[in-house]
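One structure below.
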Amino acid sequence: MRPTKATILTMATASALVLAACGGGDTAADGDGGGADGRSLRLALNQTEEHPSFIALENFGSTLDEATDGRWSIDVYPNETLGAQAEALQLVSDGSVEMAIVSGPQLENLNEDFVVFNLPKVFDDVEHQMSVIHDPEITGDLYASLEESNSVTVLGGFTQGARSVYTTFGPVTTPDDLAGKKMRVQESDLHIAMAEALGASATPMAYGELYTGLQSGVVDAAENNEVSFHTQRHYEVAPHWSQTNHLVGLDYLIINSDVLAEMSEEDRAAFDEAWTAAHEEHTELWMTATEEAIAAAEAGGATFNEVDEAAFDAVLAPLAEEFITNESQQALFDAARAAAE
Ligand code: GCU
């Protein structure tokens, strides 16, 4: 049986306490990184070791370790070992874990301006998304906005690619096919509204609970990218993939702001350079990982179905107007769209 959210929280707190008791040295389960005097940054991830995010982050850690002569390194804890994303965000804010990858909707809960980059159709494709979210002119204030309130600095992110719907009960062609179905969503108001706009009943749930949720019938539908559909083995319990491409999702890399402030100027420059290389590598890996995930899920019995994309877009389009309610959100939206043109 998979652990419940409450168990995960307890596990996360326990792990954090154990890790904190070990001090700032090399605490990696795999023992690499961070020399005797080096500082090892624990990074919470909810993906498996085969996911492009894990691969790019591991390489980020090695590059950083080498570039700083072991003064800084990163230990990636995959599979929600340090907690699901909501808990990981809290642990980074507390400083008991230094870094995490969290999905856009999690940050929307701390500052509503983040909602803009979670909207359907704000990004045309991965390339457009990456150019916007790594442009400091557009994102500088947004990424620093959680420092005072939460001690969290946003460093940029990884794409989640285009997200589509998958179901336990058969393919969907238009939103009507989701009427009355229970759909798992990420924990945010926008994602709840999105499922409701599709006619489904929204069930917010942590990522790691979804396999069991689909298997047991707690939910009938979910939405994600092909890579997660495969690496989380969701295709085993919800094999009907319907290619809605309703939004291009975004994962953020976050770090505790006090930890970041401890880096010397030279080490911070090395850190930034290694991170840029890591997200560029992730984008390169993404296309291949998507193709491989489709092939593997198909071999495991999943079917990939076309939909009436326009019908999905039509019911989701009004969300932008509903969720953009202040000037800073409008400015972010306009800047993102201008970068597409
Ligand atoms: C993607 C994303 C994760 C997110 C997950 C979800 O896999 O990369 O960060 O947690 O979707 O739907 O919860």
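Note that the structure is a prediction, hence the values are computed from the model and not measured. We count ligands from 1, going down the list as the structure has it; atoms in each ligand are counted the same way.
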task: With a 4.0 angstrom cut-off on heavy atoms, strictly below it, pick out the residues next to ligand 1 and order them by chain and number.
output: Asn46, Gln47, Gln85, Ser103, Gln160, Arg163, Arg184, Gln186, Tyr207, Asn224, Ser228, Asp251

task: Mind telling me whether Tyr166 and Trp241 have parallel, tilted or perpendicular rings, with 30° and 60° as the class edges?
output: parallel

- prompt: So, do Leu57 and Phe158 sit near enough that their side-chain heavy atoms are less than 4.5 Å apart?
  reply: yes

- prompt: So, Asp267 and Arg39, do they make that salt bridge, N to O below 4.0 Å?
  reply: no

- request: Name all residues meeting the ring pair (Phe, Tyr, Trp, His ring centres under 6.0 Å) criterion together with Phe123; count only those two or more places apart in sequence or in a different chain, and write none if there are none.
  value: Phe117, His128

- request: May I ask you to decide if the ring planes of Tyr235 and Phe229 are parallel, tilted or perpendicular, using 30° and 60° as cut-offs?
  value: perpendicular

field: Worked check of side chain to side chain contact (heavy atoms under 4.5 Å, CB included) between Met183 and Glu196
entry: CA-CA 9 Å; Met183 184 170 183; Glu196 286 170 353; over 6 Å; no

